[in-house]
> 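One structure, pasted below without further comment.
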Amino acid sequence: MPATCTTPAPRHALHRGLAALAVCCAMAVAGCAPQGGTPPDRARRDLAPLAPAKSFARAHPVAPARANADIARDFLDLHFRLESGTELAVFSRFEGPITLRVTGRPSAGLMRDLEALIARLRREAGLRISLTTAEDANITIEAVSRKAIRQASPRAACFVVPNVTSLKEFRRNKRRPATNWANLRQRTRLAIFVPNDVSAQETRDCLHEEIAQAIGPLNDLYRLSDSVFNDDNVHTVLTGFDMLILRATYAPELRTGMRRAEVAARLPAILARMNPAGHNRASRPLPATPRSWIRATEGALSPGVSREARLAAAHRGAAIARDLGWQDHRRAFNHYILGRILQREDPVLAQRHFETALSYLQGSHDSPILRARIATRMAAFDITRGAGRQALARITPSLAVAARSENAVLLSTLMLLQAEALDLEGQTDAARAVRLDSEGWARYGFGSDWAVRGAMREIAALAPPR
């Protein structure tokens with residue numbers, strides 16, 4: 001039984017590897033490495049100083065487009081169950097204003113992103129939440145090294161624990177009942193541990209995910225297509241749905257200690273007030289996600305196992321989704337995973353899986369951000385074949401999606417692919433401008449100069465020799 005709520009390390013590793021994995025796989029299968037050395041203009045670019053990191057000016061949350069009856073079910077499953085499947089006896093939240101403090105050695109930009117998140121929580125979720133320097137803060141955010149986090153919780157990129165204020169205190173109390181979420185009856189004191197030696201985006205993503213769990217639901221649900229409360233690694237900042245869930249969590253009709261039936265009885269009125277657009281929508285509940293599918297899907301994403309084992313797990317997940325008759329984003333996610341695993345050895349088959357994934361992203365089950373992720377994979381393959389126009393058709397609609405989702409890794413990857421596609425179409429000036437504009441987003445998303453330059457070189461190597 002897990003003692004902590006964690007953001008799995010693979011979730012952020014997938015962000016860091018988005019450009020490199022998509023590009024290296026396409027390069028390897030296409031046999032398209034440029035011949036005759038690095039072109040002079042790209043050699044000069046490798047030596048030129050990079051643009052300063054950019055940051056997103058404001059959030060663009062989209063209200064959930066589901067019936068309140070379905071959102072009520074989501075709320076209950078998020079609040080009364082842990083990710084392990086363990087049922088929680090009572091509802092819990094902070095009672096009264098929430099205070100946060102930051103300790104350790106925060107990375108550059110952490111305070112800016114934290115203040116922006118707190119402003120959103122006040123504005124969109126109506127929370128009484130503020131920063132403090134007092135030692136009795138409700139939530140302590142300790143910034144430590146990635147190594148320290150892995151030593152404390154080997155599978156986590158960041159995590160939140162009840163009833164402690166430091167990593168040192170957590171180590172002393174790791175096996176005690178007080179640090180186990182299953183035993184929690186009220187929230188007064190929690191600690192969040194975030195890495196201080198990763199990219200700005202990775203730290204920001206940790207802040208969004210762990211603060212949301214510190215103050216709100218403890219569970220993740222794969223059936224949610226528009227939420228960070230989902231282990232599918234698609235959304236990285238709090239969405240409009242997430243803010244509605246947090247606002248409802250702190251509704252005056254609810255209080256710590258309520259049983260599931262008590263909360264369920266009050267939710268219809270709460271949601272009707274907070275989300276009137278969902279009051280008269282027809283209920284279209286998605287079926288529950290079985291543990292067998294979760295195990296198979298997580299096995300397909302595990303970084304510590306062989307490709308063969310990941311591929312077998314991916315096929316199991318896809319078969320379960322097929323046998324259950326799913327027609328939603330979860331089935332699309334299975335084919336997206338299969339395409340990623342197969343892209344190096346069989347790029348044509350990978351493209352078919354990506355196309356199949358897109359066929360399930362329709363209507364109320366669409367996921368624009370997953371579409372954009374798929375676009376990077378498919379456009380990378382197009383570029384290896386010299387199909388610049390086709391690549392641009394995939395990339396162009398995805399750029400706005402990546403920006404609205406505040407995903408700098410995805411945005412910079414798309415922009416670098418766009419620059420290569422423009423070069424293929426003979427639009428060299430436009431390509432140069434896009435490439436330069438991408439640098440600031442890459443600095444925020446990938447972090448270090450060497451990581452940014454590595455992504456730029458890999459994507460530049462995609463195009464066939466000209």
Side-chain angles (χ1 to χ4, degrees), residues 1-7 68-100 121 125-129 136-140 159-165 170 173-192 209-224 227-231 238 241-275 285 288-289 291:
M1 185 180 298
T4 61
C5 285
T6 65
T7 291
N68 282 350
D70 296 338
I71 295 173
R73 174 199 177 207
D74 297 335
F75 184 98
L76 293 169
D77 287 349
L78 285 168
H79 270 287
F80 285 92
R81 190 175 295 133
L82 295 177
E83 293 177 40
S84 63
T86 301
E87 298 287 339
L88 296 175
V90 298
F91 173 80
S92 70
R93 69 181 187 187
F94 285 102
E95 299 296 339
I98 303 168
T99 55
L100 302 92
L121 291 169
L127 301 186
R128 294 179 293 166
I129 184 169
D136 63 349
N138 299 122
I139 300 172
T140 298
F159 62 101
V160 56
V161 187
N163 299 313
V164 300
T165 59
F170 169 64
N173 295 281
K174 189 173 183 178
R175 306 297 178 190
R176 296 185 180 180
T179 60
N180 193 318
W181 286 103
N183 300 321
L184 189 70
R185 295 297 179 269
Q186 59 182 354
R187 302 191 203 191
T188 55
R189 186 172 62 113
L190 299 97
I192 294 171
E209 293 162 7
E210 304 310 328
I211 289 176
Q213 288 199 308
I215 64 179
L218 304 176
N219 194 13
D220 282 334
L221 296 171
Y222 275 101
R223 71 171 183 257
L224 302 177
S227 175
V228 300
F229 297 115
N230 188 328
D231 276 334
L238 292 171
F241 170 86
D242 299 329
M243 289 298 184
L244 175 61
I245 292 295
L246 292 174
R247 181 180 284 272
T249 297
Y250 286 85
E253 296 94 325
L254 304 181
R255 65 181 184 276
T256 292
M258 282 184 166
R259 301 285 178 172
R260 183 178 178 120
E262 295 177 284
V263 174
R266 289 163 173 78
L267 275 178
I270 293 171
L271 291 173
R273 182 177 74 249
M274 295 182 177
N275 187 43
T289 309
R291 298 300 302 178

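Here the structure is a predicted model, which is why all the values come from computation and not from measurement.
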> Does Arg223 come within less than 4.0 Å of Asp74, counting only side-chain N to carboxylate O?
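Yes, Arg223 and Asp74 are salt-bridged.
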> Looking only at atom types and distance, does a side-chain atom of Tyr250 sit under 3.5 Å from a main-chain N or O of Phe94, one as donor and one as acceptor?
yes
> Would you say the side chains of Asn275 and Asn68 form a donor-acceptor pair under 3.5 Å?
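Yes, Asn68 and Asn275 have a side-chain donor paired with an acceptor closer than 3.5 Å.
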> Can you name the nearest heavy-atom pair linking Ile245 to Pro217, along with the distance?
CG2-CG, 3.6 Å
> Quick check: closest heavy atoms across Pro268 and Ala264, and the distance to 0.1 Å?
CD-O, 3.2 Å
> What do the steps show when you test Leu218 against Leu78 for side-chain contact (heavy atoms from CB on, under 4.5 Å), and what is the final call?
CA-CA 6 Å; Leu218 304 176; Leu78 285 168; over 6 Å; no
> When rounded to the nearest 0.5 angstrom, what is the spacing between CG in Asp70 and CG in Leu224?
11.0 Å
> Give the C-alpha distance, both sets of side-chain angles, the deciding distance and a yes or no for side-chain contact (heavy atoms from CB on, under 4.5 Å) between Leu88 and Asn219.
CA-CA 10 Å; Leu88 296 175; Asn219 194 13; over 6 Å; no
> Ser92 and Arg187: side-chain donor and acceptor closer than 3.5 Å?
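Indeed, the side chains of Ser92 and Arg187 share at least one donor-acceptor pair under 3.5 Å.
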> Please list, chain by chain and in numerical order, all residues satisfying side chain to side chain donor-acceptor pair (under 3.5 Å) with Glu253, sequence neighbours excluded.
Arg273
> Do side-chain atoms of Glu262 reach the backbone of Arg259 as a donor and acceptor pair under 3.5 angstrom?
yes
> Would you compute the distance between atom CG of Asn138 and atom CD of Glu95 and round it to the nearest 0.5 angstrom?
11.0 Å
> For the residue pair Asn230 and Leu221, establish whether any side-chain heavy-atom pair is separated by less than 4.5 Å.
no
> Taking the side chain as every heavy atom from C-beta outward, state whether Thr99 and Ile139 have any pair of such atoms under 4.5 Å apart.
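Contact flag for Thr99/Ile139 side chains = no.
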> Quick one, Val90 and Thr256 - any side-chain contact, counting heavy atoms below 4.5 Å?
no
> With the side chain counted from C-beta on, respond yes when Asp231 and Glu83 share a heavy-atom pair under 4.5 Å apart, and no when they do not.
yes
> Ring pair (Phe, Tyr, Trp, His ring centres under 6.0 Å) between Tyr222 and Phe229: does it pass, once the steps are laid out?
CA-CA 8 Å; Tyr222 275 101; Phe229 297 115; over 10 Å; no
> Within the 4.5 Å heavy-atom criterion, are Leu76 and Leu267 side-chain neighbours or not?
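Yes, close enough: below the 4.5 Å cut-off.
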> Which pair of heavy atoms, one from Arg93 and one from Arg255, lies closest together, and at what distance?
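That would be NH2-CA, 4.0 Å.
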> Search all heavy atoms of Ala125 against all heavy atoms of Leu246 and return the closest pair with its distance.
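So the two residues come closest at CB-CB, 4.1 Å.
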> Going by heavy atoms in the side chains, are Ile215 and Thr249 under 4.5 Å from each other?
no
> Taking side-chain contact (heavy atoms from CB on, under 4.5 Å) as the definition, give me every residue that meets it alongside Asn173, ordered by chain and number, with sequence neighbours left out.
Glu169, Arg176, Thr179
> Charged N to carboxylate O under 4.0 angstrom, Arg260 versus Asp77?
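So Arg260 pairs with Asp77 through a salt bridge.
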> Only counting residues at least two apart or in another chain, list the ones meeting ring pair (Phe, Tyr, Trp, His ring centres under 6.0 Å) with Phe75.
His79
> Test side-chain contact (heavy atoms from CB on, under 4.5 Å) on Thr140 and Leu190; report intermediate values, then the result.
CA-CA 6 Å; Thr140 298; Leu190 299 97; over 6 Å; no
> Quick one: are Trp181 and Val160 in side-chain contact, heavy atoms under 4.5 Å?
yes
> What are the two closest non-hydrogen atoms of Ala251 and Met274, and how far apart are they?
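Looking at all heavy atoms of both residues, the closest pair is CB-CE, 3.8 Å.
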> Please determine whether side-chain contact (heavy atoms from CB on, under 4.5 Å) holds for the pair Asn163 and Leu184, giving the CA-CA distance in whole Å, both sets of side-chain angles, and the decisive distance to 0.1 Å.
CA-CA 9 Å; Asn163 299 313; Leu184 189 70; 4.3 Å; yes
> Just verifying a value: how many Å separate Arg247 CZ and Leu271 CG, rounded to the nearest 0.5 Å?
12.0 Å
> Taking side chain as C-beta onward, heavy atoms only, is Leu121 less than 4.5 Å from Ile211?
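Yes. Closest side-chain heavy atoms under 4.5 Å.
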> Give me the atom names and distance for the closest heavy-atom approach of Pro285 to Arg73.
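Looking at all heavy atoms of both residues, the closest pair is CB-NH1, 3.6 Å.
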